[in-house]
Amino acid sequence: MTALLSCHNLVAGYLNRPVLHDVSFEIDHGGVVALIGPNGHGKTTLLRTISGFLTPRDGNIEFDGENVNRLSVHKRVEVGLIHVPQGDQLFTEMTVEENLMMGAYLAKGSDRVSDRLEDVFNLFPKLKERRNQITSGLSGGERRMVGIGRGLMAKSKIMMLDEPSLGLAPLVIEQIYEALGFLRSEGASFLVVEENPSRLIDFANKLCLMDAGHIVWQGTAEEAISSGDILKTYLGGD
Amino acid sequence: MDVLIQILITGLTLGAMYALASVGLSLIYGTLGMFNMAHGLFMTLGAYVAYSAAVIFGVPVVVGILVAMAAGALIGIATHLLIVRFMLGSKEFGTNILVATAGLGILIEDLILKTYGGYPYPQPLKVEGYTRLGGVTITYQAIITFFVALTLILAVAWLLKNTRFGRAIRATALNREAAMLMGVKADSVFLQVMALAGMLAGVAGLMISTQATLSPQMGGDPLLKAFVICVVAGLGNVWGAGLCAFALALLEATIGFYFGVRFGFPTMLLLVILVLIWRPQGLFGQEQVVRL
């Protein structure tokens with residue numbers, strides 16, 4: 001079986017400054033890959049390259065058996081690649097529900113968008129209470145839920161999450177990962193970027209460690225724990 | 001009482017024309033992040049094309065309005081396809097596009113001058129006659145101007161709020177990259193916005209020409225006022241622009257009535273300076289909060 005998403009020897013970056021060097025990894029159907037590593041080492045750049053904001057200078061991105069290198073951003077959404085960007089990037093003057101409905105922008109008439117909305121509300125009941133509120137008045141955790149919920153509304157094949165725990169209190173991070181864990185148990189595939197791997201040991205089945213634009217180590221969560229030295233070297237702490 | 005009615009009528013008619021011009025200008029600024037210096041010439045063009053339709057084909061007023069709308073929409077589309085599209089996303093886009101659209105404005109103005117000459121014409125697409133309210137004369141044209149503008153602005157408001165196409169425009173204006181990540185084709189949104197704003201400008205031009213005359217320079221003054229209105233409202237705030245258009249027009253009418261027409265615009269500018277000292281982001285603009 002071919003992988004759901006795979007990058008082969010990807011080189012990409014801004015203008016004359018390549019940020020990613022020779023990045024290769026794969027995500028299987030139903031798999032969860034975590035990209036970890038310190039800030040400013042190309043994790044977000046990699047997600048932006050996969051979602052189509054940056055054109056790879058070399059290498060290939062394959063999604064669901066197709067080469068997507070040349071597809072524009074909205075085409076990639078159409079084929080089922082969803083990117084939930086860092087810091088939520090909500091439509092601030094729109095309500096929670098309007099934001100969520102934007103997530104289903106490409107849904108066709110026959111798709112049951114109201115069922116999707118109900119699924120998101122079941123996952124994050126708080127959003128149902130706040131459905132008619134403008135998102136700029138929400139708490140950080142609620143905004144994150146809208147961001148993730150908006151991504152779910154597309155019924156994608158894979159969701160790329162850029163630092164879902166960024167700026168949140170530990171208790172809220174717990175809630176977010178609980179919801180993500182539920183989605184995973186339902187068979188969803190993820191590519192998650194985090195600076196700190198502690199939450200990901202349980203959630204991800206593969207970890208990729210990024211340093212200076214290279215993937216310097218990749219392996220399963222168990223391997224990561226057993227070779228703890230590697231994580232320590234790059235991320236510090238314990 | 002008569003004085004009040006007179007000021008109200010003048011203000012509302014002026015406001016309707018300003019609103020048509022500034023809502024489009026604001027929509028373009030909000031969505032594409034550019035100030036369209038050619039907007040005044042979109043208005044001029046709408047007025048002249050409607051004039052030609054009336055002179056050559058003898059079209060009635062309703063058709064004339066549609067012709068002005070179509071002319072405005074087409075020049076908006078052409079501007080996007082021939083100029084804006086290639087500059088979007090470039091470094092210093094805001095400044096470059098300012099120069100490019102100013103150049104386009106000069107080009108259109110010269111083309112109009114060459115085609116029609118510099119002599120001011122009266123606009124034939126005009127409803128003659130008037131009615132009286134108390135001691136005040138209200139021309140039918142003023143009433144039509146007001147209701148056409150109101151209908152169009154409410155229609156645009158409804159489109160933006162309730163249709164998929166409108167939601168895509170709002171989403172793109174609020175956060176372009178996030179909208180693209182929802183599957184919105186940003187380039188088509190920009191094209192639609194240019195067409196919509198051009199359409200409003202075309203009608204605005206026709207309405208303005210019924211109140212004064214047709215001349216190649218007729219778009220300059222309304223563009224300046226529309227710009228002032230957009231700045232006071234907060235650049236890119238479409239509803240604020242509509243509201244401020246009426247408020248500033250009423251102010252201009254009041255000042256014009258009591259102190260003479262020549263004081264209307266300077267007072268408006270003075271007020272703008274005061275507003276911007278007090279609230280640099282405009283009355284309805286949001287302070288830019290940078291979140292990391």
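Proteins come first, then strands; the chains are lettered A, B, ... in the order of their sequence lines, and each starts at number 1.
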(message) I'd like to check Met210(A) versus Phe25(A) (side-chain heavy atoms, cut-off strictly below 4.5 Å). Are they in contact?
(response) no
(request) Please tell me if the side chains of Ile208(B) and Leu20(B) come closer than 4.5 Å, counting only heavy atoms from C-beta onward. (result) no
(message) Does the Lys NZ or Arg CZ of Arg167(B) fall within the cation-pi geometry relative to Phe91(A) - under 6.0 Å from the ring centre and within 45° of the axis?
(response) no
(request) Would you mind telling me which of Val84(A), Leu106(A), Val73(A) has the largest number of heavy-atom pairs within less than 4.5 Å of chain B? (result) Leu106(A)
(message) Between Leu90(A) and chain B, with a heavy-atom cut-off of 4.5 Å, which part of the residue counts as in contact: side chain, backbone, both or neither?
(response) backbone
(message) So for Gln86(A), is it side chain, backbone, both, or neither that comes closer than 4.5 Å to the heavy atoms of chain B?
(response) neither
(message) With a 4.5 angstrom heavy-atom cut-off, is it the side chain or the backbone of Ala173(B) that approaches chain A, or both, or neither?
(response) neither
(message) Need one label for Ala179(B): side chain, backbone, both or neither, based on atoms under 4.5 Å from any heavy atom in chain A.
(response) both
(request) Taking Thr135(A) for its side chain and Thr92(A) for its backbone only, find out whether a donor-acceptor pair lies under 3.5 Å. (result) yes
(message) Parallel, tilted or perpendicular: which one describes the rings of Tyr177(A) and Phe203(A), with boundaries at 30° and 60°?
(response) perpendicular
